[in-house]
Amino acid sequence: MQRLLIVDGHAYAYRAFHAIRGLRAPDGKPTNAIYGFVKMLAKMRANLAPTHLIVAWDGGLSAERMVLLPEYKAQRPEMPDDLRPQFDEIENYLDAAGMESYCGDGVEADDYIACLARHAVAAEMTTVIASSDKDFMQLVSARVGLLNPHDKTEAIWTDDQVRAKTGVEPSQIVDWLSLIGDSVDNISGVPGVGPKTATDLLRQFGSVEKIFSRLGEVKSERLRVALENAKARVERNQKMVRLRDDLECDFAADKLKVRPENVTKLRELYSRWGFKGLLASLPQAAGEQQAVLI
């Protein structure tokens with residue numbers, strides 16, 4: 001079975017950076033995000049045994065979303081100074097470890113991941129998206145699952161987990177998020193509408209379009225007025241939240257296959273970073289290349 005693992009690069013790099021503190025290379029440069037990323041990726045590979053793998057990085061904010069909402073993600077803090085230089089080193093690791101990565105100017109990783117997932121489904125591959133971003137719940141299907149690092153069970157999320165988490169189907173996630181908003185992305189929802197109310201509305205009406213076309217059936221006057229006043233905002237949110245899987249993502253399954261590691265390069269990197277345990281785990285013969293788990 002062909003299984004594609006798509007990793008939300010920035011999400012895991014940030015997670016690694018904040019999970020491990022004070023780790024530095026012999027030359028004093030920070031390596032905490034690198035080390036955490038390597039270990040997390042190794043664990044995912046061991047558990048999932050993907051035949052194909054790619055790490056997707058954010059290449060900036062979507063121009064279309066910025067036009068719709070100029071304050072999109074404006075509240076997010078600047079990247080920590082100690083994290084920034086570690087991204088290039090993580091890229092060096094991925095290259096040496098035989099794994100593909102992608103970063104495109106002005107392309108949000110979420111959209112690129114959605115595009116890859118669509119093509120993978122068409123190619124009859126099973127896909128697992130590793131990310132804690134709730135936007136990805138809209139992509140869940142019989143062939144696309146989620147690996148949420150916040151879920152200690154390490155289960156692959158299917159539509160069952162999406163329903164348990166939200167009360168709605170994956171196909172309703174865009175509408176659900178459009179109603180409640182997303183504070184992480186600085187997207188405001190309908191005032192007074194939280195997850196439970198949004199779930200109740202979608203269970204009753206099925207979709208945002210049907211909510212507004214049958215607004216008179218909403219029993220609460222306060223809620224009815226709030227929805228009526230926020231109609232334009234909700235319609236904007238649908239465009240903000242819906243992932244753009246129609247990007248040109250140049251899908252080529254062969255290019256995403258996990259390649260043999262370059263042990264010589266890994267030995268050089270681990271030595272430079274001071275990763276003694278990982279260094280000791282490598283084959284001893286200098287220059288030897290073989291596919292091994294870290």
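In this text the structure is predicted, and so the values were computed from the model without any measurement.
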Main chain of [Y], side chain of [X]: is a donor-acceptor contact present, judged purely on distance under 3.5 Å?
X    : Y    : value
R143 : V121 : no
D185 : K73  : no
S220 : L223 : yes
D58  : A109 : yes
T51  : R3   : yes
N32  : F17  : yes
R15  : G36  : no
N148 : H150 : yes
E100 : L53  : no
E268 : T264 : no

Using side-chain heavy atoms (C-beta onward) and a distance below 4.5 Å, is [X] in contact with [Y]?
X    : Y    : result
Q172 : R203 : no
M99  : E261 : no
S188 : R236 : yes
I6   : V128 : no
F87  : H10  : yes
D111 : C115 : no

For [X], I'd like to know if atom [atom1] has over 12 heavy atoms of other residues, nucleotides or ligands within 6.0 Å.
X    : atom1 : result
K239 : NZ    : no
K134 : NZ    : yes
E221 : CD    : no

### Task
Tell me, with the steps shown, if V184 and R76 meet side chain to side chain contact (heavy atoms under 4.5 Å, CB included).
CA-CA 8 Å; V184 174; R76 293 193 177 185; 3.3 Å; yes
Indicate the atoms forming the closest heavy-atom contact of [X] with [Y], along with that distance.
X    : Y    : result
G192 : T197 : O-OG1, 4.5 Å
V208 : L202 : N-CD2, 4.0 Å
R233 : P191 : NH1-CD, 3.7 Å
L69  : N186 : CD2-O, 3.6 Å

Geometric class of the [Y]/[X] ring pair [parallel <30°, tilted 30-60°, perpendicular >60°]:
X    : Y    : result
Y12  : F37  : perpendicular
Y112 : Y102 : parallel
Y93  : W273 : tilted

How long is the span from the [atom1] atom in [X] to the [atom2] atom in [Y], to the nearest 0.5 Å?
X    : Y    : atom1 : atom2 : result
R21  : D82  : CZ    : CG    : 9.0 Å
I211 : L179 : CD1   : CG    : 5.0 Å
Y14  : S132 : OH    : OG    : 13.0 Å
M125 : L4   : CE    : CG    : 5.0 Å
S207 : L201 : OG    : CG    : 11.0 Å
E124 : M1   : CD    : CE    : 13.0 Å

### Message
Using side chain to side chain contact (heavy atoms under 4.5 Å, CB included), reason through V258 and H52 one step at a time and then give a plain yes or no.
### Response
CA-CA 5 Å; V258 178; H52 299 68; 5.8 Å; no
### Query
Could you walk me through whether N92 and E89 pass the side chain to side chain donor-acceptor pair (under 3.5 Å) check?
CA-CA 5 Å; N92 290 335; E89 296 287 48; 2.8 Å; yes
### Query
Would E91 and S101 count as having a side-chain donor-acceptor pair, cut-off 3.5 Å?
yes
### Task
Check the side chains of S62 and E64 for a donor-acceptor pair under 3.5 angstrom, ignoring hydrogens and angles.
yes
#### Entry: Option passing side-chain contact (heavy atoms from CB on, under 4.5 Å) with D8 (candidates L147, I129, V55, D110)
D110
Are [Y] and [X] connected into the same hydrophobic cluster when the rule is that any two of I, L, V, M, F, W, Y join if their side-chain heavy atoms are below 4.5 Å apart?
X    : Y    : value
V218 : V168 : yes
L116 : L139 : yes
L94  : L278 : yes
I113 : I54  : yes
V225 : L215 : no

### Task
For T153 and D151, run side chain to side chain donor-acceptor pair (under 3.5 Å): C-alpha distance rounded to whole Å, both residues' side-chain angles, the deciding distance at 0.1 Å, then the answer.
CA-CA 5 Å; T153 71; D151 183 355; 2.7 Å; yes
#### Entry: Residues E228 and R224 bridged, charged N to O under 4.0 Å
no
### Task
Indicate yes or no: does D160 engage K165 in a salt bridge with an N to O separation below 4.0 Å.
no
### Q238 and E209: CA distance, side-chain angles, deciding distance, side chain to side chain donor-acceptor pair (under 3.5 Å) verdict
CA-CA 11 Å; Q238 288 179 299; E209 288 74 15; 3.2 Å; yes
### Query
With a distance cut-off below 6.0 Å to the six-membered ring centre and an angular limit of 45° from the axis, does K210 pair with F205 as a cation-pi contact?
no
### Message
Ring of F275, cation from R272 - is the NZ or CZ under 6.0 Å from the centre and inside 45° of the axis?
### Response
no
### Task
Take L177 and D135, measure what side chain to side chain contact (heavy atoms under 4.5 Å, CB included) needs, and give me the verdict at the end.
CA-CA 8 Å; L177 289 172; D135 289 349; 3.4 Å; yes
#### Entry: side chain to side chain contact (heavy atoms under 4.5 Å, CB included) assessment of L146 paired with I156
CA-CA 5 Å; L146 300 183; I156 303 301; over 6 Å; no
### Message
Could you go through Q2 and T126, starting from their C-alpha distance and side-chain angles, then the distance that decides it, and tell me whether this counts as side chain to side chain donor-acceptor pair (under 3.5 Å)?
### Response
CA-CA 6 Å; Q2 292 187 320; T126 298; over 6 Å; no
### Message
Does F136 form a ring pair (Phe, Tyr, Trp, His ring centres under 6.0 Å) with W157? I'd like the steps, not just the answer.
### Response
CA-CA 11 Å; F136 288 123; W157 283 31; over 10 Å; no
